[in-house]
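Because the structure is a prediction, the values reported are computed rather than measured. Chain naming here is simple, since letters A, B, ... match the order of the sequence lines and numbering starts at 1 in each.
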Amino acid sequence: MVAPVEPKPGGTLRNAFGGVLGFFILLLIGVLAFSIRLFSVIKYESVIHEFDPYFNYRVTQFLTKNGIYEFWNWFDDRTWYPLGRVIGGTVYPGLTLTAGTMWWILNSLNIPLSVETVCVFTAPVFSAFAAWATYFLTKEVKGIGSGLTAATLLALVPSYISRSVAGSYDNEAVAIFALIFTFFLYIKTLNTGSLFYATLNALSYFYMVCSWGGYTFIINLIPMHALLCIVTGRYSSRLYIAYAPLVVLGTLLAALVPVVGFNAVMTSEHFASFLVFIIIHVVAFVYFIKGILSPKMFKVAITLVLTVGIAVCIAVIAILVALVASSPTKGWSGRSLSLLDPTYASKYIPIIASVSEHQPPTWPSYFMDINILAFLVPAGIIACFLPLSDASSFVVLYLVTSVYFSGVMVRLMLVLAPAACILSGIALSEAFDVLTQSVKLQLVKLLEGPLSNSGDTKDENSTAQNDVLKADKQVATNNKTEDVKERPSKKNRKKDKENTEKAPVKSHNEKRLLALPLEASAIAIILLVVLGSLYVIHCVWAAAEAYSAPSIVLTSRSHDGLHVFDDFREAYAWLRHNTEVDDKVASWWDYGYQTTAMANRTVIVDNNTWNNTHIATVGTAMSSPEKSAWEIFNSLDVKYVLVVFGGLVGYPSDDINKFLWMVRIGGGVFPHIKEPDYLRDGQYRIDAQATPTMLNCLMYKLSYYRFVETDGKGFDRVRRTEIGKKHFKLSHFEEVFTTHHWMVRIYKLKPPKNRMKGKTKKPKHTSKPLSGARRDGSTKKNPWQ
Amino acid sequence: MAKMLFLPLLILLLFLFECESFSAENPTDRRLLVLVDDLAIRSSHSLYFKFLESRGYVLEFRLADDPKLALQRYGHYLYDGLVIFSPSVQRFGGSLDQAAVLDFVDAGHDLILAADSYASDLIRGIASECGVDFDEDPDAVVIDHVGYAVSEIDGEHTLIAADDFIQSDVILGEKKIEAPVLFRGIGHSVNPASTLVLKVLSASPSAYSASPKTKLSTPSITGSTIALVSVVQARNNARMLISGSLDLFSNRHEKSGNEQFVTEISKWVFHERGHLKAVNVTHHRVAELAEPAMYRINDDLEYSIEIYEWSGSSWKPYVADDVQVQFYMMSPYVLKSLSTDLKGLYFTSFKVPDVYGVFQFKVEYQRLGYTSLSLSKQIPVRPFRHNEYERFIPAAFPYYGASFSTMAGFFIFTIVYLYNK
Amino acid sequence: MAKSTSSDVLTLIRSLRSAYAATPTNLKVVYMGIVGSFPFNSFLSGVLSCVGTAVLAVCLRIQVNKENKEFKDLPPERAFADFVLCNLVLHLVIMNFLG
Amino acid sequence: MHSLFQFFRIIDLAGMSRYRWILALLAIFYSSLSICTASIVRPISESHRSAALELFVPVDESFGSLENTYEALRTLEILGLEKTYDISRATCKAVLETLGSSPSITKDLFYALKVNGILKCQIEAINFEGIASNMLAVLKNANSLPDFYYSIGSLLLIKKHGFEVILPDSDGAFHSIKALSQSDGRWRYDSNGAESSTYAAGMALEALAGIVFLADSEVDQSMIGVVKNDIVKLFDIIKSYNDGTLYFNDKYVHSSDYKSPLEISAAVVRGVTSFAEVSSGKLNIPGNKILGLAKFFLSIGVPGSSKDLFHQIESLSCLENNRIYIPLVISLPGTVLSLTSRDQLKVDVTTVFGAAAPPLSVKLVQAFNSNSEGKPIIENQELHFDKENSIHYLDIASLKMDVGKYKLIFEVSLHNLEDESKYATGGLTSFSAFFTGSIKIDKGELAILNSDGGSAETIEKLDLSKDSFLSLSANHLQKFRLSFQLTTPLGHTFKPHQVFLKLRHETKVEHLFVIDSSARQYKLILDFLGLVEKFYYLSGKYDIELTVGDATMENSFLRTLGFVELDLPEPPEKAAQPPPQPADPYLRYGPKQEISHIFRAPEKRPPKELSLAFLALTFLPLIGFIIGLTKLGVNLKLFPSSPGPAAFSILFHAGIAAVLLLYGLFWLKLDLFTALKALCFLGPFLVFVGHRTLSHLASTSAKLKSS
């Protein structure tokens with residue numbers, strides 16, 4: 001809020017000034033959001049980060065090289081050998097297309113940036129956009145101030161930084177922006193009720209669908225909100241306009257995205273929207289006839305309509321139930337099921353449970369990711385409830401749902417973060433609002449106190465009055481400063497009224513309220529500022545230390561300085577330069593994307609885990625004894641096997657630690673792999689107590705082959721034990737490459753033996769000397785006889 | 001005189017055959033090293049050696065314990081084939097040992113190994129490395145009291161008349177061997193799991209392998225499981241002949257099947273017969289000629305391959321009706337017999353399955369006595385492109401109609417709405 | 001006076017139109033019931049085109065409805081322009097999806 | 001004394017063998033062998049002659065080089081084969097020009113003379129003095145053994161031809177050759193060559209013999225004595241094969257100048273015999289070594305190559321008439337004697353060429369039964385002599401010997417004593433002979449016993465002299481008993497070497513049982529209960545196969561007795577799997593079953609008419625709509641009258657139409673992006689035009705309102 005101690009005519013000027021200021025603040029927020037994500041580039045280098053980004057990067061390269069149509073129809077024969085993968089049909093193209101377009105534009109502007117650079121910086125750029133989108137959204141909800149605050153908070157929020165540092169070139173980077181922007185447009189439509197925004201809304205929803213699987217969150221949240229409004233009797237034709245076209249257009253557009261395709265109407269994630277669609281029509285019709293009919297006629301009609309409507313609903317529900325019951329996964333994709341029932345994945349789909357970011361988060365992670373916002377959010381909710389508008393109710397709904405989801409999956413913290421930011425933004429700005437006002441009034445009182453005798457209340461009233469006027473004026477300016485294109489809708493106005501009412505109410509009983517609150521409010525402000533600065537410090541720390549490590553290059557600080565482990569790229573470079581182009585490399589699926597992207601070799605499975613049995617095959621091979629593993633791999637034409645091993649340098653997320661998942665996933669499809677065989681009375685160990693099955697499985701052998709040669713006794717730094725079996729030979733595999741820190745080890749399958757041995761029993765030793773002596777004496781056998 | 005002549009000849013031949021020694025283009029062996037433990041064998045088996053020389057092989061005779069023995073010099077082999085006629089040698093001389101011999105075989109060269117009524121552990125070792133196990137009892141020989149060769153001086157019935165040959169024209173030649181083969185030596189058993197070993201000559205059901213001198217304990221191998229002569233074709237198509245008797249190759253036993261037997265089988269071992277090669281694998285869409293980098297599902301394709309057999313001097317077209325091609329992805333989706341034009345060309349055509357993925361054209365041709373052909377060629381099969389699906393389906397006409405009618409309706413509506421009063 | 005009549009006419013037209021737009025939907029659903037949803041995309045686009053136009057028509061009607069106080073500050077021409085835009089987008093998508 | 005000699009060999013051999021306990025065994029082995037050899041050698045026979053005729057065939061009436069020619073002629077001559085063809089013309093031509101060309105290689109000259117010696121070409125033209133003189137010249141400054149050999153040889157031949165040749169300094173030559181001799185009796189090829197060879201020894205001796213023959217003056221005996229000593233030493237390094245034949249060989253010869261043992265021995269024999277010819281007095285070489293050599297040459301049988309044949313025949317002929325010992329070969333025409341067809345035990349004693357031996361008598365000293373060593377069965381049986389086909393024979397029927405393998409030890413004693421010093425008979429000679437006969441098989445019976453052992457469930461008598469076919473059945477609680485009895489013609493129990501019972505399951509899994517003899521009969525009891533494990537719990541039909549065979553059994557047989565139907569308990573967990581049977585190679589290869597892909601069935605299409613009908617139906621609402629409009633009496637009154645706005649509004653609708661048309665086209669053929677491009681051009685235009693139109697309309701409506 002602008003300080004109200006100025007002459008009246010300066011008002012417009014001041015508001016213009018405020019607008020410009022706001023614009024610059026936004027600009028700065030954008031810069032901030034962009035620059036705080038550059039730590040990774042500064043501290044490390046401008047590289048693509050962990051796993052999926054490499055795939056996106058590869059796809060982008062393909063796109064920029066071969067054009068959109070080739071990309072659309074891309075059948076990739078270098079992954080999921082021998083099944084191959086229809087990339088065009090199974091990838092969310094949003095991110096790729098965005099980066100591709102950016103690159104194309106830049107090049108057509110003769111700014112020769114490499115594709116990689118563009119990819120690296122896509123995420124920061126879009127986080128800036130996201131901040132702005134947040135601004136607009138929050139502004140729609142609670143005015144500029146909270147908008148700016150929310151934008152600032154989002155620009156800094158760690159959980160979003162974790163997914164959008166420079167180089168983490170992943171869907172979420174773009175999707176969060178799309179998400180917020182879609183919500184913004186929805187609210188906008190809701191507020192204005194203009195088809196134009198409805199169209200834009202549908203389009204941005206389309207972009208969201210292109211970018212991320214999380215679009216189902218939108219297509220479920222918005223119907224929920226619509227339903228909420230209807231139930232709470234807040235139905236308005238604006239709601240209809242905001243909702244109905246979105247469903248129709250959105251569904252059509254979503255169906256255009258190959259990866260979604262008919263799922264947009266077939267799977268149960270989307271059914272909610274259709275139900276609400278029908279309901280809203282019924283309701284709309286009810287209101288319509290209510291408008292044109294006389295009340296008593298209306299009674300009849302209403303019953304009729306309702307019956308019909310309910311009948312239709314029931315019919316549809318019946319159909320849906322039928323459909324759902326028919327489909328095996330109850331029409332829900334595994335991930336969304338695990339959202340509804342958190343224990344589902346761990347029970348049925350180990351492949352989903354195996355991904356660390358699908359685990360439920362821990363409390364510290366909440367504090368880590370949305371630091372103080374966690375405390376501000378409740379305040380924000382309260383602020384939203386006085387007064388409750390469609391928009392604020394939407395925000396609250398958004399928050400509640402996202403809190404639930406984030407409780408199920410760490411990954412969905414990302415969805416929670418914007419909601420938290422918005423609400424705490426609202427909370428903060430409201431708080432500042434109140435406090436600054438009281439401070440201002442206090443100051444006025446202090447200024448005027450000496451001149452007038454204390455008993456006279458009139459001029460105080462007058463001051464109060466012109467305060468009111470000022471407030472009014474400034475409210476008016478508020479309204480003016482609001483976007484000129486659309487007139488302020490009633491609600492805004494109502495809200496502002498209330499703002500203004502607050503002020504005089506306060507100002508009236510100020511004398512009683514503000515007896516001492518100058519200090520109190522001042523302290524409160526200071527506290528808030530401190531709080532904010534704490535948040536900032538935390539965020540900067542998170543951005544700099546926690547989240548900016550690209551997991552392909554690792555560093556470790558020890559007493560003798562900084563160590564850099566660049567083993568992954570070493571290994572992939574080796575593969576690229578020392579193997580045939582058509583060789584197949586088998587590894588656990590985590591490394592599939594990197595292998596295809598960095599080593600350009602065909603892989604069996606990769607991080608796009610679309611075929612469970614194929615992954616299970618690899619898992620089975622890894623957990624089988626050497627010979628059968630060799631047979632499995634050979635049947636897949638595998639030439640090289642790549643394992644990641646942290647035992648030497650203590651890199652915890654290596655294949656031995658992931659091994660149990662391989663066993664589970666493999667056992668899920670091939671029952672002869674049983675998890676208990678690998679566990680010594682329930683716990684997983686690789687030392688002398690380990691089970692023989694464990695000590696003979698391929699993964700163990702490939703990881704610990706020749707490990708004992710490093711230090712005398714083969715001490716595993718990750719598991720902190722000595723390994724169980726130390727000296728053994730490999731009969732069907734040969735080690736071809738091991739990186740400098742032994743983090744990646746590459747083995748080659750030996751060709752089948754050229755000859756087949758016989759029984760190879762050694763002759764009895766009792767008879768040997770006799771025969772020997774008989775022949776090699778002086779007397780040979782007469783060759784002629 | 002012989003010295004004067006032999007040495008330069010050998011050198012000349014060495015230089016001559018550097019270029020066209022054993023090779024894919026000319027698989028017949030040329031230079032053979034014959035290891036004997038008594039040079040007298042050269043005269044006692046002279047007929048067999050004479051035959052080999054008449055086939056154009058260059059024989060080099062060495063004592064098995066010659067300290068200057070070496071199979072390879074400067075990393076490449078001096079010989080194409082090895083004939084080990086030294087059953088009693090305990091260890092080879094020079095740089096030669098069991099491992100060296102096996103490496104020689106694994107390098108694709110051929111081997112003839114003859115044990116005798118005694119075989120040293122070295123010989124047994126080599127044999128069992130190739131999947132042939134001689135009877136462990138060192139005194140055991142094959143005895144057959146029913147099917148023995150009648151002669152007034154041999155009463156032990158250790159010289160047996162075996163006529164249980166393998167039925168294969170490739171290995172034993174077209175001409176049937178009438179007279180039985182006279183065999184005196186030790187029997188062996190082949191590893192039943194091995195798909196590479198073939199019993200060429202096996203004993204009669206009444207035979208058994210034991211020492212005729214001592215009283216009989218349970219013999220380890222009896223009856224027709226006793227293999228007298230076996231051949232091994234390694235995976236790299238190196239061929240080995242393992243015989244339990246050196247006597248088999250000697251000059252005696254005229255008017256028996258021996259001579260024909262050993263000559264025919266030697267031709268096979270030294271790749272004069274049954275060596276196939278496949279060339280010019282081509283595949284393309286019907287009505288196209290260029291080989292595509294990728295097929296689309298439901299394409300019609302044509303596949304062709306040329307197979308030739310080495311006749312000992314030149315490549316002749318190979319004629320058979322059982323060559324098959326697989327269109328293979330984890331399991332064969334299409335498996336078709338190829339039809340041939342009797343000039344070595346085999347061809348077929350089929351429709352690509354409606355399953356996309358990385359397929360392989362596999363030709364796995366393994367026949368008794370022939371070198372195994374196994375080629376596979378990788379080819380991806382992609383699904384339809386977005387614009388390759390069928391369009392304008394009559395079944396969908398109503399939908400089209402609806403869409404367009406709504407468009408028309410919309411158009412009319414705009415006009416009407418705007419200008420109506 | 002004239003104003004009101006015209007608006008009535010418009011109302012009628014619009015309701016007529018939405019009714020009209022709805023009919024093919026039912027038709028098509030019936031048809032699908034008969035022949036099965038083979039070219040599913042065509043079916044979908046067909047249905048949704050009708051639903052879409054209907055919905056849009058309704059929206060337009062709501063917006064230009066004079067009784068509706070919410071939209072006083074939204075001139076009918078602008079509403080119409082939005083309507084046209086929305087329709088064009090809709091039909092583009094439908095055409096793309098029709099296959 | 002020979003046997004003593006053999007024992008020495010054993011001692012040093014035992015010394016080299018690491019295992020103490022073998023010593024005794026070997027001692028027995030060798031001592032048994034030390035009574036001369038046990039090998040059967042036949043003298044030169046018709047087969048050699050026929051082989052010679054096959055091997056020596058002249059190509060365009062010559063045998064190639066003179067050396068070969070000589071070998072051929074010599075062999076044929078010895079074998080006494082009349083030349084069926086005439087090669088003299090061509091060969092003599094060669095001989096003549098070889099002799100004619102004065103400075104010719106001594107070797108060729110040598111063979112030319114040899115050939116000439118056989119062919120007797122008319123060679124008056126040649127001046128032998130010239131040849132002789134330059135031979136002498138060669139001899140004078142010869143320093144390598146071949147030079148000596150050939151020059152002396154040719155001089156010898158010239159002398160034989162009748163020209164007088166005088167060797168001036170025979171002692172000198174003798175010494176210079178002797179200088180090449182080694183301590184162990186071998187010789188070197190030339191003075192500076194290190195390696196000593198037995199072959200050289202042969203040449204040297206022959207050369208020396210030539211010198212002694214040519215020597216004008218008597219070579220002094222001391223030298224000859226030394227040489228004789230060398231010869232003895234040479235015979236000390238003679239080698240022997242395991243069948244007792246003796247031969248000479250060089251330790252290691254490089255393969256380029258390879259000399260087979262045959263060649264070397266032949267050379268030695270030639271040398272020694274010829275030296276024995278010329279030297280006065282007797283060489284003391286043990287007779288059985290000469291005999292061993294002879295047997296060596298004979299044991300070769302019929303060589304495969306002409307050279308081998310030549311060496312064999314020539315050296316045999318040298319042995320046939322040498323001054324040391326003339327080997328007499330004792331041989332048995334047959335060592336397998338059937339009792340049923342009352343064969344005779346025949347022994348014939350001949351020279352190597354099968355010529356009749358001097359009068360002698362053969363005695364069967366001892367006969368051992370090989371499996372019961374120790375006390376002889378028969379002793380000192382004189383063999384009868386059959387004059388006309390000069391063979392010593394004995395009726396085995398009279399010997400009362402049962403079937404079996406025997407070791408027979410014969411002794412040859414010459415009648416008149418001076419032959420003792422002429423002939424080498426090898427003293428005692430042992431042979432192993434087989435007396436075969438047909439064995440009587442009876443009391444054959446096959447029974448299935450119950451578990452209690454006593455009571456038999458089924459008993460089948462079987463006659464093992466012919467194939468019978470029984471079908472039995474048993475379960476795992478029962479026993480299987482087979483018993484029979486074997487008796488020799490003389491009524492003793494007979495213990496054959498091979499008595500097998502084989503049970504073969506349908507799945508080719510075989511189980512072999514060796515039946516051993518209890519008291520007088522062969523009996524086998526199979527307790528299935530103990531065997532289920534061994535039988536891999538395989539129930540079903542087992543073929544029963546009995547094999548009885550022995551070297552001395554004339555009616556060895558392999559019989560299928562039938563089958564037994566076994567039912568065994570179910571295999572428990574982790575029972576041993578039966579061993580894999582080798583896959584039949586004929587089945588393993590061969591074409592596979594053809595596979596063809598089953599394509600997805602296309603979606604079912606409705607009849608075209610139906611679709612068309614519905615197509616028509618879909619247009620009905622449109623028509624209804626238009627009708628409705630007309631019914632409502634819509635009008636375009638508001639259409640702007642003034643030209644500008646009119647144009648704009650027309651353009652506006654044209655634009656919309658264009659866009660819709662574009663959509664139509666897009667659906668028909670265009671792709672998305674071309675359509676979008678076009679839209680990019682149309683869009684702004686439309687916006688602009690639309691804006692104008694609508695604003696105009698708005699203003700008009702506003703006017704209306706105001707008015």
Side-chain angles (χ1 to χ4, degrees), chain A residues 189-203 206 235-258 261-266 274 277-278 280-281 284-285 287-292 315 319 485-493, chain C residues 8 11-12 14-15 18 21-22 25 29 37 39-75 78-99:
Chain A
T189 331
L190 201 52
N191 288 347
T192 60
S194 113
L195 267 181
F196 175 70
Y197 285 110
T199 322
L200 290 190
N201 188 10
L203 291 178
F206 174 59
Y235 169 79
S236 68
S237 39
R238 282 178 284 103
L239 183 62
Y240 181 88
I241 295 172
Y243 183 69
L246 173 65
V247 170
V248 178
L249 263 179
T251 311
L252 264 176
L253 285 162
L256 284 188
V257 181
F262 295 147
N263 297 352
V265 285
M266 298 309 276
F274 302 142
F277 184 69
I278 299 168
I280 203 170
H281 272 93
F285 191 56
Y287 275 83
F288 176 62
I289 54 180
K290 184 173 167 194
I292 57 175
I319 295 168
K485 237 159 83 267
E486 95 279 356
R487 321 278 173 72
S489 62
K490 261 207 201 66
K491 187 182 50 38
N492 291 4
R493 221 174 266 155
Chain C
D8 298 346
T11 331
L12 262 164
R14 269 186 300 276
S15 29
S18 33
T25 322
V29 174
S37 66
F40 190 70
N41 51 347
S42 324
F43 165 72
L44 212 57
S45 52
V47 172
L48 285 182
S49 71
C50 304
V51 176
T53 31
V55 167
L56 292 177
V58 171
C59 294
L60 179 61
R61 190 208 177 295
I62 291 172
Q63 285 182 332
V64 301
N65 188 353
K66 288 292 168 295
E67 288 78 39
N68 193 337
K69 290 290 161 295
E70 288 181 6
F71 298 99
K72 270 213 234 58
D73 43 15
L74 188 74
R78 182 186 155 73
F80 178 72
D82 294 349
F83 172 74
V84 169
L85 169 73
C86 207
N87 260 303
L88 290 185
V89 174
L90 176 70
H91 284 112
L92 173 61
V93 176
I94 283 167
M95 280 306 130
N96 188 10
F97 201 59
L98 202 54

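The residue among Asp82(C), Leu44(C), Val89(C), Leu56(C) with the most heavy atom pairs within less than 4.5 Å of chain A is Asp82(C). Of all the listed residues (Leu249(A), Val247(A), Leu203(A)), the one sharing the greatest number of non-hydrogen pairs under 4.5 Å with chain C is Leu249(A).
Remark: Phe262(A) engages Phe40(C) in a ring-ring contact (aromatic ring centres under 6.0 Å, His included) (not counting sequence neighbours).
Contacts of Leu90(C) with chain A are made by both backbone and side-chain atoms, with heavy-atom separations under 4.5 Å. Heavy-atom distances place no part of Phe285(A) under 4.5 Å from chain C, backbone and side chain included.
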**Request:** Take Leu88(C) and Leu92(C) through the test side chain to side chain contact (heavy atoms under 4.5 Å, CB included) and record every step on the way to the result.
**Result:** CA-CA 6 Å; Leu88(C) 290 185; Leu92(C) 173 61; over 6 Å; no
**Message:** For Leu48(C) and Ile94(C): C-alpha separation, side-chain torsions, deciding distance, then whether side chain to side chain contact (heavy atoms under 4.5 Å, CB included) applies.
**Reply:** CA-CA 8 Å; Leu48(C) 285 182; Ile94(C) 283 167; 5.5 Å; no
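Under the 30°/60° scheme for interplanar angles, the aromatic rings of Phe277(A) and Tyr243(A) are found to be tilted.
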